[in-house]
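Read through the structure below, which is laid out as structure tokens, and then see the notes.
Just so you know, these numbers use all the heavy atoms, side chains as well, and skip hydrogens, waters and symmetry mates.
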Amino acid sequence: MLAGELYLADNPELAADLRRAAELSERFNTWPAADPAGRRAALAELLGGLGEGAEVRPPLYVDYGCQITLGPGTFVNFGAVMLDVAAITVGADVQVGPNVQLLTPTHPVDPEPRRAKWEAARPITIGDNVWLGGGVIVCPGVTIGENTVVGAGAVVTGDLPANVVAVGNPARVVRET
């Protein structure tokens, strides 16, 4: 799975990992707002890495959680979906708008293996100081370079270089920063 090869998601070991993530996500998402230290501890237990000063506003939805790394100073707004079948690496000081989706899973285009429940995944990497506007969708295998801004509602289907502004569906570079 982590190598990007086809795998069957109904594996008992994966099911246990999914259950762990669901329980930790529920704890994070329902933790009392009056106890930010407790909420952060729940998030740190869920994620693979949580940088100093990184903040996530619940609800957060993940597959496994442990394959997500958030850099220091990163802010993730409400309603993020981070399907981490492969690694999701978010750099330092990244701004993630509400309802952003980081989606690593893929499925075969051929109907037979898809019907047989084969899946795969490709990692997502977000560079330092990136801003993902509200509702952005980042597709499997995408890398977004540092200092890049992705406009609200964009669908990022391919890599974006550093220091650009990209908008649209599919996202396209409209200018350099």
Side-chain angles (χ1 to χ4, degrees), residues 1-7 9 14 17-18 21 25 43-44 46-57 59-110 114 118-177:
M1 178 178 88
L2 295 176
E5 297 175 7
L6 290 173
Y7 71 96
L14 294 178
D17 291 343
L18 286 168
S25 294
L43 183 63
L46 172 63
L47 301 183
L50 182 61
E52 184 178 336
E55 181 183 348
V56 178
R57 290 191 174 165
L60 169 66
Y61 304 101
V62 303
D63 272 330
Y64 299 98
C66 61
Q67 298 176 130
I68 299 168
T69 301
L70 301 179
T74 287
F75 174 77
V76 178
N77 215 324
F78 302 108
V81 175
M82 298 185 183
L83 301 186
D84 61 318
V85 177
I88 296 175
T89 305
V90 179
D93 300 308
V94 172
Q95 301 294 309
V96 178
N99 299 312
V100 166
Q101 299 177 48
L102 306 179
L103 310 174
T104 68
T106 65
H107 301 276
V109 174
D110 182 41
R114 192 172 61 247
W118 287 99
E119 299 179 15
R122 295 174 34 219
I124 292 173
T125 303
I126 311 294
D128 294 344
N129 199 38
V130 167
W131 175 20
L132 303 177
V136 165
I137 298 172
V138 179
C139 292
V142 166
T143 295
I144 298 175
E146 66 182 17
N147 303 316
T148 286
V149 174
V150 181
V155 179
V156 186
T157 60
D159 293 351
L160 293 174
N163 304 304
V164 299
V165 175
V167 299
N169 180 6
R172 66 193 182 293
V173 174
V174 293
R175 69 179 176 96
E176 293 184 7
T177 58

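Listed by first then second residue, pairs satisfying salt bridge (charged side-chain N to carboxylate O under 4.0 Å, His left out) with a partner in residues 46-57 read Glu55-Arg57, not counting sequence neighbours. Evaluation of the side chain to side chain donor-acceptor pair (under 3.5 Å) test over residues 78-102, restricted to residues two or more places apart or in two chains, returns none.
Thr104 approaches Ile88 most closely through the heavy-atom pair CG2-CG1, 3.6 Å. In plain terms, the two heavy atoms of Val94 and Gly127 that are nearest each other are CG2-O, 3.2 Å. For the pair Val136 and Ala152, the tightest heavy-atom approach, listed with the atom from each and the gap, is CG2-CA, 4.4 Å. The two residues Ala86 and Arg122 make their nearest non-hydrogen contact at CB-C, 3.6 Å. A pairwise comparison of heavy atoms in Trp118 and Pro108 identifies O-CD, 3.2 Å as the closest pair. For Gly141 against Ile124, the heavy-atom pair with the smallest separation is N-CG1, 4.2 Å.
Looking at Leu83 and Val81, their side chains come closer than 4.5 Å, going by heavy atoms from C-beta outward.
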Exercise answer: donor-acceptor pairs, residues 167-177 side-chain atoms, under 3.5 Å, sequence neighbours excluded:
unit_1 : atom_1 : unit_2 : atom_2 : d
Arg172 : NH1    : Val167 : O      : 3.2
Thr177 : OG1    : Asn163 : O      : 3.3

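Distance check: Ile68 CD1 to Leu60 CG gives 6.0 Å after rounding to the nearest 0.5 Å. Interatomic distance, Ile126 CD1 to Thr143 OG1, rounded to the nearest 0.5 Å: 8.0 Å. Atoms CE and CG, on Met1 and Asp63 in that order, are 8.5 Å from each other to the nearest 0.5 Å. Within the model, atoms CG of Leu46 and CE of Met82 stand 10.5 Å from one another, a figure rounded to the nearest 0.5 Å. From Asp128, atom CG reaches atom OG1 of Thr74 across 8.0 Å, with rounding to the nearest 0.5 Å. A distance of 8.5 Å separates CG in Asp159 from CD1 in Ile144, rounded to the nearest 0.5 Å.
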Tyr64/Leu18 under side-chain contact (heavy atoms from CB on, under 4.5 Å): CA gap, chis, key distance, verdict: CA-CA 5 Å; Tyr64 299 98; Leu18 286 168; 3.6 Å; yes
